[in-house]
Amino acid sequence: MTPLLDTAPARLPARLPPKVPVRFRHLLAAEWIRLWSLRSTSWVLGVGALAVMGINVNSAASNADRLADQAQRPPEPPAGVPDGPEFLFDPLHTAFVDPAWQLFMIIAAAVGAIVVFGEYTTGLIRTTFAAVPDRRAVIAAKVTVVSAVMLALGTLVSATSFGVTQMLLREHGGLSLGDPGALRAVVAGALLAPLCALVGMAVGAVVRHAAGSVVTVVGLLLLLPALFGGERYRWVKEIGNAMPLSAWQRLVTNPERAHDLGRYPLTVTEAWIVYGAWTAAAVAVAVLVVRRRDV
């Protein structure tokens with residue numbers, strides 16, 4: 001018998017659709033969705049911003065009430081009494097109260113750290129790098145999204161704090177953006193949030209643990225400036241001057257009230273250099289660590 005031959009045409013393998021190259025805009029969209037996919041992100045940023053502005057506004061309202069009940073300061077000190085500029089009220093300080101902005105620094109840094117260590121904790125980082133082997137592009141997208149969001153939030157908090165506090169103090173020497181040091185202080189406050197967020201990203205890339213990252217951020221941004229705050233030795237003070245908190249405090253200082261900046265003061269130019277150096281160092285650390293370490 002003649003064997004039956006299979007005359008059916010051979011099935012060709014299914015043709016896969018062409019692979020679409022991953023563009024940087026795709027990474028930005030993915031990071032944007034990932035950032036806001038957690039409800040805690042919007043809650044933390046929203047509540048934190050309201051808390052910072054609330055502390056500043058409360059300070060301004062309290063000072064306005066206190067000044068309204070006091071007699072007007074004489075234009076000249078009494079005879080034989082030296083003028084004491086350290087006792088003059090500074091309206092700019094009410095918009096940039098230290099505890100409020102230190103809280104804002106920790107919130108911004110914590111969110112930046114979550115952006116990085118959150119993917120390592122869940123293991124999603126393996127999927128991300130499998131889809132996009134270029135780790136530098138992934139980190140660049142994270143840096144861009146986090147910086148943009150934090151810059152917008154920092155601008156909102158800084159501008160609102162300044163505007164509302166100075167409005168409450170309009171009868172007691174409230175300032176406008178055209179006054180010396182006012183615009184510089186608002187810009188410094190706006191840039192503080194993305195700076196701290198990038199520092200948090202670098203810490204998150206190194207530590208890769210939630211509690212460890214937050215503790216490290218608190219120590220780096222708040223405790224170290226306090227540790228190196230003395231003026232007995234110049235090298236100690238210079239280290240303290242190189243911290244973001246010290247730079248921010250210098251930039252929000254009212255030039256008309258900067259009568260005593262200590263033995264080793266930080267100049268405005270040096271403060272801006274500290275801002276730029278910490279930002280560049282944070283991005284470099286995040287990129288280097290993510291590229292070199294295994295997931």
Side-chain angles (χ1 to χ4, degrees), residues 43-67 86-113 150-151 153-169 172 174-175 181-182 184-200 203 213-231 237 240-254 257-258 260-262 266 271 274-275 278:
W43 276 101
V44 168
L45 295 180
V47 174
L50 291 176
V52 174
M53 293 185 290
I55 294 173
N56 293 325
V57 171
N58 180 67
S59 174
S62 300
N63 280 283
D65 293 340
R66 178 176 59 83
L67 293 171
E86 64 274 13
F87 296 108
L88 294 178
F89 173 67
D90 183 8
L92 185 60
H93 178 71
T94 60
F96 302 97
V97 179
D98 276 9
W101 286 87
Q102 290 175 10
L103 173 64
F104 196 41
M105 291 173 67
I106 298 305
I107 292 174
V111 171
M150 288 302 171
L151 179 58
L153 183 65
T155 302
L156 173 65
V157 172
S158 185
T160 302
S161 295
F162 178 82
V164 176
T165 56
Q166 302 313 301
M167 181 187 66
L168 293 174
L169 296 169
H172 307 285
L175 305 177
R184 182 187 70 200
V186 173
V187 173
L191 294 178
L192 184 65
L195 186 158
C196 294
L198 293 177
V199 172
V203 171
S213 297
V214 173
V215 170
T216 303
V217 161
V218 172
L220 191 62
L221 295 179
L222 300 186
L223 298 184
L224 279 183
L227 180 64
F228 293 98
E231 294 187 341
K237 183 60 176 178
N241 287 341
M243 298 296 166
L245 179 59
S246 301
W248 170 80
Q249 289 172 337
R250 179 64 183 91
L251 292 172
V252 300
T253 299
N254 190 339
R257 299 291 187 269
D260 185 12
L261 298 176
L266 183 68
V274 171
Y275 263 48
W278 274 82

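Please read all numbers here as calculations on a predicted model, not as lab measurements. Worth knowing before you read on, the calculation uses all heavy atoms, side chains too, and leaves out hydrogens, waters and symmetry mates.
- Judged purely by atom type and a 3.5 angstrom limit, N63 uses its side chain to pair as donor or acceptor with the backbone of S59.
- Of the possible polar contacts, none joining the R250 side chain to the A271 backbone as a donor-acceptor pair under 3.5 Å is found.
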Run V218 and I106 through side chain to side chain contact (heavy atoms under 4.5 Å, CB included) and show every step you take. CA-CA 7 Å; V218 172; I106 298 305; 3.8 Å; yes
Given side chain to side chain contact (heavy atoms under 4.5 Å, CB included), test L251 with L191 step by step and report yes or no. CA-CA 11 Å; L251 292 172; L191 294 178; over 6 Å; no
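- The two residues A95 and Q166 have their closest heavy-atom pair at CB-NE2, 4.2 Å.
- Annotation: side chain to side chain donor-acceptor pair (under 3.5 Å) contacts involving residues 44-57, sequence neighbours excluded, comprise N56-S161.
- For D98, the side-chain contact (heavy atoms from CB on, under 4.5 Å) criterion is met by Q102, W248, Q249, not counting sequence neighbours.
- Residues A61 and L168 approach most closely at N-CD1, 4.1 Å, considering heavy atoms.
- The minimum heavy-atom distance between V203 and S213, with the atom names listed, is CG1-O, 3.7 Å.
- Without hydrogens or angle criteria, T165 side chain to F162 main chain gives a donor-acceptor distance under 3.5 Å.
- In this view, A49 and M53, L153, V157 satisfy the side-chain contact (heavy atoms from CB on, under 4.5 Å) rule, not counting sequence neighbours.
- Side-chain atoms of I107 and V44, non-hydrogen and from C-beta on, do get closer than 4.5 Å to each other.
- Residues M105 and L192 have side chains in contact (heavy-atom distance under 4.5 Å, counting atoms from C-beta outward).
- By the side-chain contact (heavy atoms from CB on, under 4.5 Å) test, A185 is found to be paired with L92, F96, V252, residues two or more places apart in sequence or in another chain being considered.
- Considering CG of L223 and OG1 of T216, their distance stands at 10.5 Å, rounded to 0.5 Å.
- Taking Y275 as the reference, W272 meet the ring-ring contact (aromatic ring centres under 6.0 Å, His included) condition, with sequence neighbours excluded.
- In this structure, the side chain of S246 engages the main chain of G240 through a donor-acceptor pair within 3.5 Å.
- Listed for the S158 side chain is a donor-acceptor partner under 3.5 Å among the backbone atoms of V186.
- Across every non-hydrogen atom of A193 and M150, the tightest pair is CB-O, 3.5 Å.
- Nearest heavy atom pair, residue H172 against residue A64, reads NE2-O, 3.6 Å.
- With sequence neighbours excluded, the residues satisfying side-chain contact (heavy atoms from CB on, under 4.5 Å) with L156 are T160.
- Applying the ring-ring contact (aromatic ring centres under 6.0 Å, His included) criterion to F104, with sequence neighbours excluded, gives W101.
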